[in-house]
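Heads up: the structure comes next, in structure tokens.
It should be emphasised that the depicted structure is a prediction, and the values quoted were computed from it without experimental measurement. This chain uses plain numbering: 1 for the first residue, then up along the sequence.
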Amino acid sequence: MAHEHHHHHHDHDHHHDHAAEGCACEHHHHHHEHEHEGGLRRQLARILLTALLLVAAVVVEKTCGLTTWQLLLVYLVPYIIIGRETLCEAAEGLAHGEPFNEHFLMSVATIGALAIGFLPGAETQFPEAVFVMLFFQVGELFEGYAEGQSRRSIAHLMEIRPDVARVGDRMVDPSEVGVGQVIVVRPGERVALDGVVVEGTSALDTVALTGESVPRAVGVGDEVVSGCVNLSGVLHVRVTKAFGESTVQKIIHLVEEAGEHKSKREAFITRFARVYTPVVVGLAVAIVVISVILNSLDMLPPSFGGVGGGLYRALMFLVVSCPCALVISVPLTFFGGIGGASRRGILIKGANYMDVLAKVTTVVFDKTGTLTEGRFAVEAVHPDLCDEQRLLHLAAHVEHFSTHPIGAALRDAFPQEATDGCRVSQVEEVAGQGIRARVGDDVVCVGNTKMMEAEGAAWHECDHDAGTIVHVAINGDYAGHIVINDTVKQGAREAIDALKALGVSRTVMLTGDREEVARRVADGLGISDYHAGLLPDEKVEQFEAIKSQAATAFVGDGINDAPVLARADVGIAMGGLGSDAAIEAADVVLMDDQPQKVALAIRIARRTQAIARQNVWFAIGVKVLVLVLAACGLATMWMAVFADVGVTVLAVLNAMRALRVRD
């Protein structure tokens with residue numbers, strides 16, 4: 001039956017080569033997690049031990065009159081305990097020809113502080129040296145904790161990876177199960193691989209993948225996706241994708257890679273540190289050289305404290321200059337933002353896409369499958385001869401064997417036809433017109449206007465302008481028509497409103513559908529612009545034109561939208577649990593097909609950027625202040641350390657806010 005409609009066929013061509021990738025990195029995740037926590041505990045223990053020993057050393061210094069060398073030995077114990085790792089890292093950096101890292105700065109500053117005491121007439125700075133290292137480690141501890149938190153929010157994705165699959169009554173590693181094998185999933189277990197249900201019905205909890213807590217009902221013939229938890233019945237699932245290609249593996253892979261795409265701000269900071277550190281080291285050396293020269297000329301003011309004082313200032317300069325607050329907190333902010341978004345079923349494939357998302361002012365939507373369900377449903381019944389119920393009943397019988405989506409819509413509207421005892425016989429499909437069949441004693445024709453003309457039935461126009469119209473004739477008399485339409489998604493209206501509330505000024509809809517259908521959807525949703533009747537290549541052209549005017553996001557369901565998704569400044573795919581083409585081509589994947597998540601993604605990106613910006617300015621501001629004080633001799637080493645570590649700790653705590661996504 002040729003309704004004037006073309007349907008997009010979903011052809012996924014899988015020629016992925018990442019079956020192999022999935023397997024190598026399987027088993028050390030959980031292991032990683034425990035190691036990380038153990039490391040933090042050991043670090044905390046070291047910090048506490050050092051603090052105690054430092055207090056003891058100060059007591060010893062005050063009470064026993066030891067020589068400078070003996071004192072040095074007393075202080076070296078806590079110094080080595082706390083500083084061992086930092087000193088090793090610094091040495092490693094030097095060996096690799098990358099000397100300017102924070103470990104190097106800390107090592108030079110503390111070793112210098114230990115050495116100052118041996119200059120003639122200078123005060124010993126032993127406690128400071130230990131304190132600098134101690135506080136530096138406190139900063140590292142905080143950073144480790146925060147990173148653990150954001151990793152954990154990404155690790156909730158790792159938990160979705162099932163460790164075992166049940167084949168028959170054996171438990172095996174999911175990577176060993178081949179395509180076509182049947183796995184059994186009992187209630188409470190995770191679906192280990194993507195596949196199709198061959199036996200059983202159940203409800204699946206998809207919250208780990210989509211952030212949505214409403215269970216999805218599945219039965220025989222439905223696709224199930226790895227990572228969901230089976231809630232009620234026993235399911236037998238025929239595997240359709242190998243482990244490395246299954247949804248969970250892909251998602252985990254994406255999130256792990258997200259860290260590698262640096263945002264502009266991160267890239268800037270890496271460059272900044274590369275230039276900044278040598279400059280600061282140069283200045284520190286200059287302070288020492290100048291103080292030595294002035295000292296030899298007897299031009300140093302006595303308050304400066306001689307060469308020792310100059311050295312002390314130079315060392316402070318080094319401690320303060322360490323840019324760790326920046327280097328640590330900014331990437332951590334983006335990492336947290338990506339983790340927080342993934343908790344809500346939004347996968348952002350890299351920090352650089354956060355930058356773009358935050359700037360988006362135009363959002364372009366594909367219609368079918370994105371703003372609408374992409375499924376047909378009966379919208380109105382206009383009978384002429386009989387009542388609505390009978391018209392639907394007859395049409396559903398005739399279309400009972402049709403494979404066309406419109407046939408399916410009619411069957412859904414009248415589900416009890418299988419049991420009502422009507423005999424359907426002599427079904428014949430008339431190409432380009434519709435279907436004729438005998439229902440009981442009546443000859444019923446269901447089709448387009450051409451069929452009505454052929455039957456001699458006097459059809460009339462419908463006042464419903466949008467949708468597909470199916471005409472029905474009984475025994476050659478016109479009986480009425482049924483209007484069938486693609487239904488708008490729940491939440492599509494809110495999605496557009498939410499974007500407007502965020503100040504995204506322009507929303508555009510592109511569709512291959514007819515003008516009047518497009519107009520109805522666009523008006524109903526409050527979309528500012530639409531272009532209808534587009535072929536795929538025209539979609540790309542239209543999109544290019546829009547994109548040339550502003551930062552543009554494209555939202556599509558990714559089956560026929562891959563070319564546009566790839567071209568957009570930021571391509572957002574309705575991942576709908578598993579349209580692979582979309583997950584590959586897009587920069588952001590919405591796991592649960594909800595258009596409202598577009599606004600949420602933009603909000604998360606803006607907030608993450610704002611937090612990163614706060615950290616940059618806060619860190620630079622405090623550093624400059626203390627550097628100025630240090631150069632004037634007004635700051636002490638303790639202040640310098642506090643400025644450095646305190647700023648790092650505050651910046652890291654601020655970065656952790658990016659993890660929490662408020663509604």
Side-chain angles (χ1 to χ4, degrees), residues 3-10 356-357 359-376 379 405 464-468 484-489 491-500 502-574 576 579 581-582 585-588 590 593-596 598-599 602:
H3 295 293
E4 298 82 345
H5 243 282
H6 44 266
H7 286 278
H8 307 298
H9 291 294
H10 302 193
V356 188
L357 263 178
K359 288 204 265 303
V360 163
T361 56
T362 304
V363 180
V364 179
F365 289 91
D366 175 57
K367 179 182 82 84
T368 311
T370 304
L371 293 170
T372 64
E373 293 285 359
R375 287 202 306 271
F376 287 94
E379 185 175 277
H464 249 72
D465 59 345
T468 302
I484 286 177
N485 237 322
D486 186 359
T487 46
V488 171
K489 266 194 190 165
R493 174 85 224 199
E494 291 91 272
I496 305 294
D497 292 346
L499 285 171
K500 285 188 181 147
L502 282 178
V504 173
S505 48
R506 191 164 173 224
T507 47
V508 186
M509 179 176 83
L510 303 180
T511 179
D513 221 331
R514 301 205 313 278
E515 170 73 25
E516 54 267 28
V517 177
R519 187 174 58 239
R520 190 180 57 109
V521 173
D523 292 350
L525 296 176
I527 289 179
S528 39
D529 259 341
Y530 67 92
H531 300 279
L534 302 175
L535 297 169
D537 53 332
E538 295 174 329
K539 256 190 202 176
V540 174
E541 275 167 39
Q542 281 289 357
F543 184 76
E544 292 287 352
I546 298 167
K547 180 185 159 184
S548 61
Q549 298 161 11
T552 306
F554 177 75
V555 188
D557 61 350
I559 290 147
N560 45 10
D561 304 328
V564 194
L565 277 171
R567 274 192 177 76
D569 295 323
V570 57
I572 303 178
M574 298 292 200
S579 143
D587 309 315
V588 177
L590 308 180
D593 264 4
Q594 287 193 337
Q596 304 97 295
V598 176
I602 292 177

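Of all heavy-atom pairs between Thr361 and Val504, the closest is O-CG1, 3.3 Å. The two atoms that bring Arg506 and Asp529 nearest to each other are NH2-OD2, 3.0 Å, heavy atoms only. Summarising the geometry of Leu525 relative to Ala492, their closest heavy-atom pair is CD2-CB, 3.7 Å, with the distance given to 0.1 Å. The shortest heavy-atom contact between Ser528 and Ser505 is OG-O, 4.5 Å. The shortest heavy-atom contact between Val588 and Val570 is CG2-CG2, 3.8 Å. Residues Glu515 and Ala532 approach most closely at CA-CB, 3.7 Å, considering heavy atoms.
A heavy-atom distance below 4.5 Å is not found between the side chains of Gln542 and Val364.
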Handout entry: CA sep, side-chain torsions, deciding dist, call: Thr362, Gln549, side-chain contact (heavy atoms from CB on, under 4.5 Å)
Key = CA-CA 9 Å; Thr362 304; Gln549 298 161 11; over 6 Å; no
Practice task
May I have the step-by-step check of side-chain contact (heavy atoms from CB on, under 4.5 Å) for Thr511 and Val517, ending in yes or no?
Solution key: CA-CA 10 Å; Thr511 179; Val517 177; over 6 Å; no
Problem - side-chain contact (heavy atoms from CB on, under 4.5 Å) evaluation trace for Ile602 with Leu499 - result: CA-CA 9 Å; Ile602 292 177; Leu499 285 171; 3.8 Å; yes
Handout entry: CA sep, side-chain torsions, deciding dist, call: Ile572, Leu357, side-chain contact (heavy atoms from CB on, under 4.5 Å)
Key = CA-CA 10 Å; Ile572 303 178; Leu357 263 178; 4.2 Å; yes
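Taking CD of Gln594 as the start and OG1 of Thr370 as the end, the distance is 13.5 Å to the nearest 0.5 Å. The OG1 atom of Thr552 sits 14.0 Å away from atom CZ of Arg567, with the distance rounded to the nearest 0.5 Å. A distance of 8.0 Å separates CD1 in Ile527 from NZ in Lys500, rounded to the nearest 0.5 Å.
Here the side chain of Lys539 pairs no donor or acceptor atom with the backbone of Asp366 at under 3.5 angstrom. Between the side chain of Lys367 and the main chain of Tyr530, no donor-acceptor pair closer than 3.5 Å is present.
Residues satisfying the ring pair (Phe, Tyr, Trp, His ring centres under 6.0 Å) criterion with Phe365, sequence neighbours excluded, are absent altogether. Applying the salt bridge (charged side-chain N to carboxylate O under 4.0 Å, His left out) test to Glu538 and every residue at least two apart in sequence or in another chain returns nothing.
One finds no salt bridge joining Asp569 and Lys359 here, because no Lys/Arg side-chain nitrogen approaches an Asp/Glu carboxylate oxygen to under 4.0 Å.
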